[in-house]
Amino acid sequence: MMPGPTHSTLLNPAQAQRLRLAFDDDRDAETFFLRLERYGPELLDSLRAVYLERAGGLLERLLEIMLHAYHTRPADLKRLDEARLLSPDWLQSPTMVGYVAYADRFAGTLRGVQDHVNYLENLGVTYLHLMPLLRPREGQNDGGYAVADYRSVRPDLGTMDDLSALARDLRGRGISLVLDLVLNHVAREHEWAEKARAGEDQYRDYFHLFADRGLPDAYEATLPEVFPDFAPGNFTWDDHAGEGGAGGWVWTTFNTYQWDLNWGNPDVLAEFVDIILNLANRGVEVFRLDAIAFMWKRLGTDSQNQPEVHHLTRALRAAARIVAPAVAFKAEAIVGPGDLIHYLGTGTHHGRVSDMAYHNSLMVQLWSSLASRDTRLMEEALRAFPPKPTNTTWGLYVRCHDDIGWAIGDTDAARVGISGPGHRHFLSDFYSGEFPGSFARGLVFQFNPATGDRRISGSAASLAGLETALEGGDEALIKLAVGRLLLLHTVILGFGGVPLLYMGDELALLGDYGYADTPEHAADNRWVHRPRMDWELAQEVRDHPDTPAGQVNAGLRWRIAVRKTLPHLHASIEPQVIASPDPRVLMLRRDHPLGVLLEVYNFSEERVVLPAYVLRGHLGEDAHDALSRSAFHLTRPTVTLDPYRALWLTAPEVSA
């Protein structure tokens with residue numbers, strides 16, 4: 001029997017009856033209507049907020065799309081839906097460990113990835129993010145983010161059936177498949193753009209097209225440039241973008257070949273609901289919502305982080321929850337903390353937007369503290385971070401496929417008595433190897449002479465000093481570089497979220513300077529930290545754990561294993577910054593029902609002596625370090641931390 005409240009609050013009786021007739025099975029109908037009752041009001045509220053009087057008609061169209069997807073959803077995925085509804089915190093569990101890779105650079109093809117699932121499983125991975133693999137435009141394609149077809153896979157990687165088979169295999173091993181979904185733009189060669197260029201009015205309204213420079217110049221007055229070196233400005237002339245096949249200007253935030261979508265058109269939302277549910281039925285469990293901050297345009301602003309973005313995301317999430325509640329969203333919003341928190345939800349959106357967001361600030365602060373040997377700026381930045389909804393989680397990373405932009409807040413810097421611009425300049429100098437005594441080896445990316453900003457490319461191992469140390473053959477420097485890499489990863493494993501290991505970091509892979517030999521990569525030095533997987537080294541580190549790569553690999557495997565035993569690391573609990581008596585040391589406290597977990601990190605190559613009372617005040621007279629499996633007697637006057645030492649301390653009775 002159909003639940004009545006759904007009909008009275010969302011559908012009129014005639015709509016409800018038509019919907020009911022679409023089901024042959026009463027249990028399926030009951031499930032669908034229960035989810036519609038739960039998430040339908042969120043969907044409709046957000047549609048009304050964005051599309052006003054068009055919301056009702058759009059809802060009817062979305063119901064047809066959702067019905068079709070629900071009927072075609074495979075049985076094993078429907079079972080996963082029910083399991084996830086019983087464990088809604090699955091993405092917050094300490095057992096979650098992510099791995100991020102380009103499929104071709106990891107194993108050649110999707111079938112190749114499937115051949116190496118054992119490697120991922122043995123590493124402890126439960127979340128696999130394969131970088132853009134939906135069919136991009138040929139030639140330059142922004143690393144795959146210029147999508148020409150959301151319904152097919154890059155031909156060199158395989159087919160959609162290969163993707164489904166891989167997802168099924170991963171699912172059987174407890175590994176969730178994560179894919180990129182580019183929301184802000186499509187490739188100029190996408191079918192929608194081709195039809196727009198051919199003069200079809202329906203598809204012209206999918207984009208922001210202008211006959212002259214009037215409005216583009218008005219927008220440009222407040223818009224930043226994302227890639228000032230090779231894609232200056234935000235608009236591109238196209239010979240067929242104007243009315244009647246004449247030339248016109250197209251909004252292209254990122255590259256000239258990436259056309260920004262007009263999300264003010266409800267047809268665009270409907271298209272993406274269909275795309276998301278189609279990929280979800282292929283077995284995709286988490287969608288990385290790429291370039292999400294740029295989706296909504298508003299004159300007189302930077303056209304980022306607009307309120308409509310959060311309504312649109314909530315609508316997409318609600319539609320996905322009705323059909324495929326096993327699916328989660330991750331916001332790729334590399335924005336300031338005050339803006340970032342809205343992607344997880346505030347106010348009426350609290351906990352109802354994305355399920356996960358990147359903690360870009362933590363990544364930046366890790367490298368900042370490593371260079372300065374001073375954690376006070378990190379303490380200030382973390383203290384100022386707004387608390388996230390308890391049902392959401394962070395994506396935590398040491399490195400990713402992208403460059404590092406020095407997102408150091410001037411206010412945070414001022415609170416510790418340093419200059420924000422000066423510190424950003426120092427970090428660019430340090431990680432490009434220009435600063436005297438720097439251990440790092442990186443490349444400057446996108447120097448902006450107007451602002452002085454310089455972003456940095458480089459592998460984690462090269463930035464942490466291993467490349468320089470190996471060239472010099474100095475064992476002491478090699479040991480320090482290994483210590484830095486393990487320290488950084490220990491922080492992300494212990495922060496409370498999903499730690500994301502970037503492919504090759506578990507092997508301490510260095511920069512790949514041969515990237516410039518590939519024409520489509522030569523102008524983009526981010527490819528220096530996108531090397532191909534070294535499978536010989538992967539075998540070697542297991543046989544020779546005493547090498548630098550072997551030490552990093554063994555150390556990471558141990559830390560992952562320890563993480564999975566600590567319920568204190570559940571992502572619903574946020575760490576509290578504890579004032580450290582030594583600026584070289586970061587201290588974080590986690591309050592769990594099972595007791596306190598105190599994390600202590602030495603960000604310097606020096607031995608640091610801490611007064612024991614600082615730890616004793618949180619743990620009592622005795623403590624147990626989960627990482628070293630050793631006891632600490634805090635009745636002694638001091639505790640000594642070796643260079644780059646990390647401690648995960650609990651009271652001994654809690655660890656028993």
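Just so you know, residue 1 is the first one in the sequence shown, and it goes up from there. Keep in mind it's a predicted model, so treat the numbers as computed, not measured.
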Handout entry: Validation row: Asn305, Tyr343 side chains within 4.5 angstrom (heavy atoms)
Key = yes
Exercise for the section: Report yes if the side chains of Arg173 and Val117 come closer than 4.5 Å at any heavy-atom pair, otherwise no. Expected result: yes
Fill in the blank from the handout: One should read off an interatomic distance between Leu486 CG and Arg484 CZ, to the nearest 0.5 angstrom, of 12.0 Å
Handout entry: Separation between CG of Leu586 and CZ of Arg376, rounded to the nearest 0.5 Å
Key = 13.0 Å
Problem - Whether Trp394 and Phe385 hold their rings parallel, tilted or perpendicular, with breakpoints at 30° and 60° - result: perpendicular
Practice task
Look at the rings of Tyr102 and Trp527 and say which category their plane angle falls in: under 30° parallel, 30 to 60° tilted, over 60° perpendicular.
Solution key: tilted
Tell me whether [X] contacts the main-chain N or O of [Y] through its side chain, where contact means a donor paired with an acceptor under 3.5 Å.
X      : Y      : result
Asp625 : Trp648 : yes
Tyr431 : Gly458 : no
Asn122 : Asn118 : yes
Arg317 : Val353 : yes

Problem - Electrostatic pair Asp355:Arg321 at N-O distance under 4.0 angstrom - result: yes
Handout entry: From CA spacing to verdict: ring-ring contact (aromatic ring centres under 6.0 Å, His included), Tyr601, Tyr644
Key = CA-CA 7 Å; Tyr601 302 104; Tyr644 303 116; over 10 Å; no
Handout entry: Stepwise side chain to side chain donor-acceptor pair (under 3.5 Å) test for Asp403 and Gln446
Key = CA-CA 9 Å; Asp403 56 279; Gln446 294 292 317; over 6 Å; no
Problem - Residue from Tyr145, Tyr502, Tyr358 passing ring pair (Phe, Tyr, Trp, His ring centres under 6.0 Å) with His401 - result: Tyr145
